[in-house]
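Both backbone and side-chain heavy atoms feed into the values below; hydrogens, waters and symmetry mates do not.
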Amino acid sequence: MKRIPAVAGQFYFDSPEMLESQVEKCIEKGLKREKVIAMLSPHAGLMYSGIVAGALYSRIEFPQTFLLIGPNHTGLGKPISIMASGEWEMPGGIVRIDESLSEKILKASNEIEDDRYAHLREHSLEVQIPFMQFFSKEFKIVPITMMTTDLDDCLELGRAVADAIKATAYPVIIVASSDMTHYESDKEARKKDQNALERVLALDPEGLHRTVLREGISMCGFAPTVAMLKASNILGAKSAVQVKYMTSGDVSGDYHHVVGYAGVLIK
């Protein structure tokens, strides 16, 4: 199956030439690239969060496969849905799914289901791809969406992902796609987001889950981030670095109702 873009022309330009120029304005040039296990990247429109995402993709050694985990905003599909085969059509060209890694993930856990419907209209993973395609055309993806936020489900997905990657002979980077606090004042968003990011930087999946629920932090992809942290720990993560943080107010000038965006690399 070929998935067509859900938010081209909305979250990013649908013209290949205009999109390349849009991404180029977000990246940082001349940086030394480094090996990473995983990353936390935002998924708003490129005009808002692209600078944060661009800073991340500018710093990493590109793998053969990006394993993308994002929240399910649409309500379609299963609690944990993987699109295990097929292609994603993007303005920058076709991206193929890593069917070998997908198969390993499905075998690693009965909680993950092959369900393409969850991915048809979901934007959280799609908006990562223009940055990948700016730097490389030689990569594959494994897309996973989460509707469940149950801690056990998050940890189980993390374990399954880690087990599958360990059984893979080529480089894979896990990308947890999430925006941070939604529609609060800039001051309050930064305070709440700092508390959540402290747990991310401590590589503490359970602590992040607990903090988000206790403090009512509207981090839409906290469950994918918990899963990513669990997998990273199993894969031997030693440190996490916050590359960039900003809010939509830094773009729009409206600091009364903002959305936070954070970029973190896990090594």
Side-chain angles (χ1 to χ4, degrees), residues 1-8 11-12 16 19-20 23 27 33-41 43 53-54 56-72 77 80-109 112-146 157-158 160-177 221 224 227-228 231-232 234-235 265-266:
M1 175 196 173
K2 182 181 290 184
R3 176 194 182 274
I4 62 172
V7 292
F11 280 54
Y12 56 87
L19 178 56
E20 183 173 7
V23 173
I27 66 166
R33 294 187 174 273
E34 53 190 323
K35 293 182 180 180
V36 301
I37 295 171
M39 53 199 279
L40 167 63
S41 181
H43 57 237
L56 295 170
Y57 288 102
S58 298
R59 285 169 164 79
I60 63 170
E61 288 187 9
F62 268 54
Q64 180 168 323
T65 296
F66 286 97
L67 194 156
L68 306 166
I69 311 175
N72 184 325
I80 303 178
S81 300
I82 185 171
M83 185 170 171
S85 62
E87 300 175 332
W88 282 30
E89 180 180 322
M90 295 290 293
I94 298 295
V95 180
R96 290 183 295 154
I97 289 175
D98 185 337
E99 298 180 10
S100 174
L101 182 55
S102 296
E103 182 180 359
K104 289 183 175 68
I105 294 170
L106 285 169
K107 288 181 177 178
S109 175
I112 307 165
E113 299 184 66
D114 185 359
D115 186 345
R116 62 186 177 89
Y117 294 104
H119 296 270
L120 294 182
R121 290 162 42 194
E122 178 56 49
H123 70 275
S124 64
L125 307 183
E126 179 180 320
V127 296
Q128 307 295 330
I129 296 176
F131 296 96
M132 300 172 187
Q133 290 186 314
F134 182 86
F135 291 109
S136 173
K137 303 299 183 183
E138 302 299 323
F139 67 90
K140 296 181 181 180
I141 62 171
V142 173
I144 300 173
T145 62
M146 299 185 69
L157 175 58
V161 162
D163 287 350
I165 291 175
K166 285 194 292 185
T168 300
Y170 47 82
V172 177
I173 291 178
I174 306 166
V175 180
S177 180
M228 176 272 285
S232 297
I234 295 172
L235 292 170
L265 296 179
I266 311 294

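Around CD of Gln64, the count of heavy atoms belonging to other residues, nucleotides or ligands within 6.0 Å exceeds 12. Atom CD1 of Ile94 is surrounded by more than 12 heavy atoms from other residues, nucleotides or ligands within 6.0 Å. Shown here is Arg96, whose CZ atom has no more than 12 heavy atoms of other residues, nucleotides or ligands within 6.0 Å.
Nearest heavy atoms, Ser85 versus Ile97: O-CD1, 3.3 Å. Here the shortest heavy-atom pairing between Pro63 and Pro171 reads CB-O, 3.4 Å. Closest approach of Pro71 and Ser177 over heavy atoms only: CD-O, 3.1 Å. Contact record, Ala118 with Gly77: CB-CA, 3.9 Å, taken as the closest heavy-atom pair. Shortest non-hydrogen contact noted between Ala227 and Ile69 is CB-CD1, 4.5 Å. In terms of heavy atoms, Ser232 sits closest to Ala38 at OG-CB, 3.4 Å.
In this structure a side-chain-to-backbone donor-acceptor pair under 3.5 Å is present from Arg33 to Tyr57. Panel note: side chain His119, backbone Ser81; a donor-acceptor pair is recorded below 3.5 Å. Ser124 places no side-chain N or O within donor-acceptor distance of the main-chain N or O of His43, the cut-off being under 3.5 Å. Side chain of Thr145 to backbone of Asn72: no donor-acceptor contact under 3.5 angstrom is found. Panel note: side chain Gln133, backbone Gly93; a donor-acceptor pair is recorded below 3.5 Å.
Under the 4.5 Å side-chain criterion, counting only non-hydrogen atoms from C-beta, Phe66 is in contact with Ile60. Between Ile234 and Lys166, some side-chain heavy-atom pair lies under the 4.5 Å cut-off. Contact annotation: the side chain of Ser109 never approaches that of Leu157 to less than 4.5 Å [non-hydrogen atoms, C-beta and beyond]. Side-chain contact between Leu68 and Met132: present, with at least one pair of heavy atoms (C-beta onward) separated by less than 4.5 Å. Taking 4.5 Å as the limit, every side-chain heavy atom of Ser41 sits out of range of all side-chain heavy atoms of Phe131. The shortest distance between side-chain heavy atoms of Asp98 and Tyr170 falls below 4.5 Å. Looking at Val95 and Phe139, their side chains come closer than 4.5 Å, going by heavy atoms from C-beta outward.
Note: Thr168 OG1 to Ile105 CD1 = 8.0 Å, rounded to the nearest 0.5 Å. A distance of 6.0 Å separates CD1 of Ile112 from CD1 of Ile80, quoted to the nearest 0.5 Å. Atom CD1 of residue Ile144 and atom CG of residue Asp115 lie 12.5 Å apart, to the nearest 0.5 angstrom. Rounded to the nearest 0.5 angstrom, Ser102 OG and Leu67 CG are separated by 8.0 Å. Leu120 contributes atom CG, which lies 8.5 Å from atom CD1 of Ile4 (distance to the nearest 0.5 angstrom). To the nearest 0.5 Å, the span separating CG on Leu265 from CD1 on Ile173 amounts to 8.5 Å.
Ring centers of Phe62 and Phe135: under 6.0 Å apart, within the cut-off.
In this pair, Phe11 and His123 present their aromatic rings tilted. The plane angle is within the 30 to 60° band.
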Could you please spell out the steps behind the side chain to side chain contact (heavy atoms under 4.5 Å, CB included) verdict for Met83 and Ile141? CA-CA 10 Å; Met83 185 170 171; Ile141 62 171; over 6 Å; no
Just do the side chain to side chain contact (heavy atoms under 4.5 Å, CB included) check on Leu235 and Ile174 with the steps written out, would you? CA-CA 11 Å; Leu235 292 170; Ile174 306 166; 4.1 Å; yes
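Taking Tyr117 as the reference, nothing meets the ring-ring contact (aromatic ring centres under 6.0 Å, His included) condition, with sequence neighbours excluded.
Within the structure, salt bridge (charged side-chain N to carboxylate O under 4.0 Å, His left out) pairs that include any residue of residues 125-141 comprise Arg3-Glu126 (at least two apart or interchain).
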